[in-house]
Amino acid sequence: MLLRLKRMEISLVEQIDKNNIPNHVAIIMDGNGRWAKKNGKERTFGHKSSLGAVRSSIETCRKLGIQHLTLYAFSTENWNRPKLEVNVLMTLLSSAIKDEINELHKNGIRLNVIGDLSKLPRKAYNDLEKAMDKTKDNTSCVLTLALSYGSKEELLHAMKTIAKKYKDGEISDDDFNEELVHQNLYTHDLPMVDLMIRTSGETRISNFLLWQIAYAELYFTEVLWPDFNEEEFYKAVLNYQNRERRFGKISEQLKN
């Protein structure tokens, strides 16, 4: 079975066009709870078991040369989950950062975090700060964790920031354009998303990067997040490469 999967992975890799690799991939990591239930375990077991899929996705990005990987780790709405589950997730976050940071640093991965970090427990916040500082000069790939993140909240924050700048005379009517909005988002130093993946069979965006996925290719898979491996990532990239990205134009214009 393992040998067959290995052969399949090699076959998928060989099909990938290295000249058409998405620059920025974003993933809604969904299905941990259902995966745990399917295996007769508590939901928290699913969250703990999801780290393998995270490691696999980071390594696949390194192999393919994907420069930006953004993972939807914890939404603003997730604070409404049972307190025990939230506490487990925050503890898991701190331990994962400590366990993985040296490997990330060795592989040239820069850690980035977006969201309302003021809501995070102090320990988790401090661990993230140390990890980001340690990897700040790395250039192989940027790994962005969306934590306590909600796109509507992000857009509202940008609007308030822009309104204050306008009130204070820092900007004028002529400065209002898409770039102004982009520069005031949490993701101001990231490119627009090329490929967005959601696992577990759900086909919702769930308040994730609403501005940034304006022209992203969306890929939905039935695979639950803990089972999302290198092979599944290759499938998503191949699906992306079979799309015609027109950005409002028609096919004939692209061919010409």
Side-chain donor-acceptor contact under 3.5 Å, [X] with [Y]:
X      : Y      : value
Thr161 : Asn184 : no
Ser200 : Trp225 : no
Tyr234 : Glu230 : yes
Asn78  : Ser75  : yes

*Can you sort out the partners of Lys167 under salt bridge (Lys or Arg N to Asp or Glu O under 4.0 Å), two or more places apart, ordered by chain and number?*
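Partners of Lys167 by the salt bridge (Lys or Arg N to Asp or Glu O under 4.0 Å) criterion come out as none, since no residue qualifies.
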*Classify the ring geometry between His157 and Tyr186 as parallel (under 30°), tilted (30 to 60°) or perpendicular (over 60°).*
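Plane angle between 30° and 60°, so tilted.
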*Report the relative orientation of the aromatic rings in Phe208 and Tyr149; use parallel for angles under 30°, tilted for 30 to 60°, perpendicular for over 60°.*
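It falls in the perpendicular class, over 60°.
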*Is Thr70 close to Ile27 at the side-chain level, that is, under 4.5 Å between some pair of heavy atoms?*
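Not touching, per the 4.5 Å side-chain cut-off.
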Is any side-chain N of the basic residue among [X] and [Y] closer than 4.0 Å to the acidic one's carboxylate O?
X      : Y      : answer
Asp168 : Lys165 : no
Glu202 : Arg34  : yes
Glu103 : Arg55  : no

_For a quick test of reading the model, state the closest non-hydrogen atom pair linking Leu111 to Met132 and the distance between them._
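That closest heavy-atom pairing would be O-CG, 3.3 Å.
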*How close do Thr221 and Tyr219 get, heavy atom to heavy atom, and via which atoms?*
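Taking Thr221 first and Tyr219 second, the nearest heavy atoms are CB-CE2, 3.9 Å.
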*For Thr144, the option from Asn112, Val113, Thr187 that meets side-chain contact (heavy atoms from CB on, under 4.5 Å)*: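 It is Asn112; the other options fail the test.
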*asked:* Using the side-chain hydrogen bond (donor to acceptor under 3.5 Å, both in side chains) definition, which of the options Glu77, Glu153, Glu154, Lys152 pairs with Asn207?
replied: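 Answer after filtering Glu77, Glu153, Glu154, Lys152: Glu77.
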*Partner of Asp194 by side-chain hydrogen bond (donor to acceptor under 3.5 Å, both in side chains), out of His24, His68, Arg245*: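 So the option named by the test is Arg245.
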